[in-house]
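Reading through the structure tokens given below for one structure.
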Amino acid sequence: MVRMNTYVMQPFTTHPLLRQADVQTMLARHRPRDIAIGQREYPVLLDGGADQSGFDPVATVRLHGYYTPSLALFGRRGLVLVLHGWEGCSHSIYNLTTTDALIRAGYDVFRLNLRDHGPALHVDPYALNRGFFAATLLDEVANAVDQVAAFAGDRPFYIVGASLGGNLALRLALRHARQPIPNLRKVVASNPVLNPLRSAQALDRHPAYLRYFRSRWLRSLRAKQRLFPKLYDFTPLEAIPRTIPMTEWLIAHYGPNFGPFRSAEEYFAAYAVMGDAFARLTVSTVIVTAANDPVVPVADFRALAAHPLLSVHVHPTGGHVGYMGGLPLRHDLPRLLMAVLLADDPNVSDSRLNNPGQ
């Protein structure tokens with residue numbers, strides 16, 4: 001069993017009518033009206049290094065994101081990199097609410113968009129690279145993260161990720177042991193995908209989630225095909241009803257984009273974070289998840305081998321990146337993440353950890 005840190009003094013709780021997993025997950029799409037980001041976000045284009053997707057080996061990967069400075073006039077706490085989940089983006093609700101809480105608390109924030117992800121505000125994300133997104137393309141993310149970390153200067157740097165972004169955050173934490181990220185102080189992952197095959201199976205069994213993610217995935221692939229019609233024809237995917245068979249088809253027809261994988265199972269295993277994966281961890285890493293997450297089974301977290309730098313906080317409810325309090329509705333994920341980030345600050349009281357927005 002991984003250890004539980006004592007500084008999380010109040011597990012997430014909510015109104016009894018909101019505790020069910022699907023309710024938590026769906027309500028997380030509610031957008032608050034008082035987000036302070038507004039015009040304070042600045043688009044940045046980043047160099048992801050040589051393209052490993054196999055479609056353009058001489059090209060340089062381009063990723064983009066948004067920098068938002070702290071609202072604090074003095075005493076900035078550091079820079080936080082925020083990573084979104086699969087088919088999410090820098091402007092997903094959970095990223096906006098998290099960023100809002102962070103900048104109010106004195107952190108600068110950079111929200112990175114993965115390949116083929118983004119809000120299409122300043123650039124078409126599908127046009128930046130010829131190869132399409134695969135979760136195994138970690139090098140380009142790591143190269144971009146190194147550049148973002150440099151923005152922090154000598155101040156602390158943190159990585160926060162949710163769902164697939166949480167998986168990437170954990171893999172960056174593990175990579176840090178052999179390729180250090182400047183000034184990395186802590187990594188926090190909410191509802192991270194540990195066993196991608198099990199999560200894909202859970203997704204394929206749940207009609208509502210399957211319909212949501214499959215429709216967004218197909219929309220992304222159609223956009224890629226429109227831009228690069230000589231490279232791609234994803235039309236047969238329209239008739240494949242589930243994500244695992246869709247992945248199998250893509251590997252069979254566009255294998256170089258993924259890597260040397262013969263099946264979806266091999267592909268999923270390549271970015272899994274399971275068992276004793278954290279044996280060589282060298283940076284403080286905290287996982288925040290919910291016992292009733294319908295997409296990421298809680299058993300995956302309980303099976304992790306213990307490590308002194310790893311903590312797992314399993315809340316009784318919260319769904320998948322939900323944590324909706326109320327009534328009236330409020331997003332409590334920022335509070336949970338802020339409690340983790342502020343825990344190492346000697347100037348923060350125990351009461352502030354439970355109410356970090358104060």
Side-chain angles (χ1 to χ4, degrees), residues 2 5 46 48 63 65 78-90 92 94-95 98-99 101-102 107 109-115 117 133-149 151-152 156-196 199 270-274 277-278 280-290 293 295-296 300-301 304 307 309-314 320-321 323 333-334 336-341 343-344:
V2 288
N5 273 0
L46 299 167
L63 301 178
L79 174 63
V80 181
L81 172 76
V82 177
L83 295 170
H84 61 79
W86 182 44
E87 291 301 327
C89 73
S90 54
S92 294
Y94 54 86
N95 278 349
T98 296
T99 299
L102 288 168
Y107 294 95
V109 178
F110 192 97
R111 289 168 288 145
L112 177 66
N113 286 299
L114 305 176
R115 180 191 294 235
H117 292 73
F133 171 78
T136 48
L137 299 174
L138 181 63
D139 285 353
E140 62 193 49
V141 178
N143 290 332
V145 169
D146 285 342
Q147 294 166 64
V148 174
F151 297 166
F157 179 61
Y158 305 88
I159 299 175
V160 171
S163 193
L164 179 60
N167 170 280
L168 287 164
L170 296 178
R171 288 156 64 199
L172 289 167
L174 298 174
R175 184 188 178 101
H176 178 70
R178 64 182 188 279
Q179 293 180 258
I181 300 170
N183 294 325
L184 182 61
R185 182 72 59 83
K186 180 176 284 187
V187 173
V188 187
S190 61
N191 301 79
V193 175
L194 299 187
N195 185 335
S199 290
Y271 66 97
V273 183
M274 299 185 296
F278 295 98
R280 298 181 182 178
L281 190 65
T282 58
V283 63
S284 177
T285 300
V286 179
I287 294 173
V288 176
T289 194
D293 188 323
V295 178
V296 184
D300 292 349
F301 301 96
L304 291 174
H307 189 283
L309 291 174
L310 175 66
S311 299
V312 178
H313 305 155
V314 180
H320 186 65
V321 197
Y323 309 100
L333 179 60
L336 302 177
L337 298 178
M338 288 289 298
V340 173
L341 292 178
D344 296 331

Legend entry - Steps toward side chain to side chain contact (heavy atoms under 4.5 Å, CB included) verdict (Ile181, Ile159): CA-CA 10 Å; Ile181 300 170; Ile159 299 175; 4.0 Å; yes
Inset, instruction - Any chance you could measure Thr99, atom OG1, to Tyr94, atom OH, to the nearest 0.5 Å? - result: 11.0 Å
Inset, instruction - Look up atom CG in Asp300 and atom CE in Met274, then write down how far apart they are to the nearest 0.5 Å. - result: 8.0 Å
Inset, instruction - Side-chain contact test, heavy atoms from C-beta onward, threshold under 4.5 Å: evaluate it for Ser190 versus Leu333 and give yes or no. - result: yes
Inset, instruction - Examine distances only and state if a side-chain atom of His117 and a backbone atom of Arg115 form a donor-acceptor pair shorter than 3.5 Å. - result: yes
Inset, instruction - Please examine the side chains of Glu87 and Phe133, heavy atoms only from C-beta on, and report whether any two atoms are closer than 4.5 Å. - result: no
Inset, instruction - Considering non-hydrogen atoms only, spot the tightest contact between Tyr323 and Ala290 and give its length. - result: OH-N, 3.3 Å
Legend entry - By side-chain hydrogen bond (donor to acceptor under 3.5 Å, both in side chains) - contacts of Arg175 (at least two apart): Asp139, Gln179
Inset, instruction - Taking all heavy atoms of Val188 and all of Val340, pick out the closest pair and write down the distance. - result: CG2-CG1, 3.7 Å
Inset, instruction - Kindly say whether Val295 contributes a backbone atom to a donor-acceptor pair with the side chain of Ser199 at under 3.5 angstrom? - result: yes
Legend entry - Pairwise distance CD1(Ile287) to NE2(His313) - rounded to 0.5 angstrom: 9.5 Å
Legend entry - With sequence neighbours excluded, residues passing ring-ring contact (aromatic ring centres under 6.0 Å, His included) with Phe278: none
Inset, instruction - Work out which heavy atom in Pro192 is nearest to a heavy atom in Phe301; give both atom names and the distance. - result: O-CZ, 3.5 Å
Legend entry - Spacing of CG belonging to Leu170 relative to CG belonging to Leu194, to within rounding of 0.5 Å: 6.5 Å
Inset, instruction - Side-chain contact test, heavy atoms from C-beta onward, threshold under 4.5 Å: evaluate it for Leu138 versus Tyr271 and give yes or no. - result: no
Inset, instruction - Enter the distance from Thr282:OG1 to Leu309:CG here, rounded to the nearest 0.5 Å. - result: 7.5 Å
Inset, instruction - Mind listing the closest non-hydrogen atom pair of Val321 and Ala162 along with its distance? - result: CG1-CB, 4.0 Å
Inset, instruction - Give the intermediate values and the outcome of side chain to side chain contact (heavy atoms under 4.5 Å, CB included) for residues Leu172 and Val187. - result: CA-CA 9 Å; Leu172 289 167; Val187 173; 5.9 Å; no
Legend entry - Asp293 vs Asn191, side chain to side chain donor-acceptor pair (under 3.5 Å): CA-CA, chis, key distance, verdict: CA-CA 8 Å; Asp293 188 323; Asn191 301 79; 2.7 Å; yes
Inset, instruction - Identify the heavy atoms of Ala177 and Arg280 that sit nearest to each other, and give their distance. - result: CB-O, 3.5 Å
Legend entry - Closest non-hydrogen atom pair, Gly48 against Asn143: O-ND2, 2.8 Å
Legend entry - Trace of the side chain to side chain contact (heavy atoms under 4.5 Å, CB included) decision for Val160 with Leu81: CA-CA 6 Å; Val160 171; Leu81 172 76; over 6 Å; no
Inset, instruction - Taking ring-ring contact (aromatic ring centres under 6.0 Å, His included) as the test, write out the residues that go with His320, two or more places apart. - result: none
Inset, instruction - Test side chain to side chain donor-acceptor pair (under 3.5 Å) on Asn95 and Ser90 and set out the steps. - result: CA-CA 6 Å; Asn95 278 349; Ser90 54; over 6 Å; no
Legend entry - Point-to-point distance, once rounded to the nearest 0.5 Å, from SG of Cys89 to CG of Leu112: 11.5 Å
Legend entry - Heavy-atom donor-acceptor pair, His307 side chain to Ala277 backbone, under 3.5 Å: no
Legend entry - Heavy-atom check, side chain of Asn183 versus side chain of Pro156, under 4.5 Å: no
Inset, instruction - Apply the test side chain to side chain contact (heavy atoms under 4.5 Å, CB included) to residues Val80 and Thr98: give CA-CA distance (whole Å), side-chain angles for both, the deciding distance (0.1 Å), then the verdict. - result: CA-CA 10 Å; Val80 181; Thr98 296; over 6 Å; no
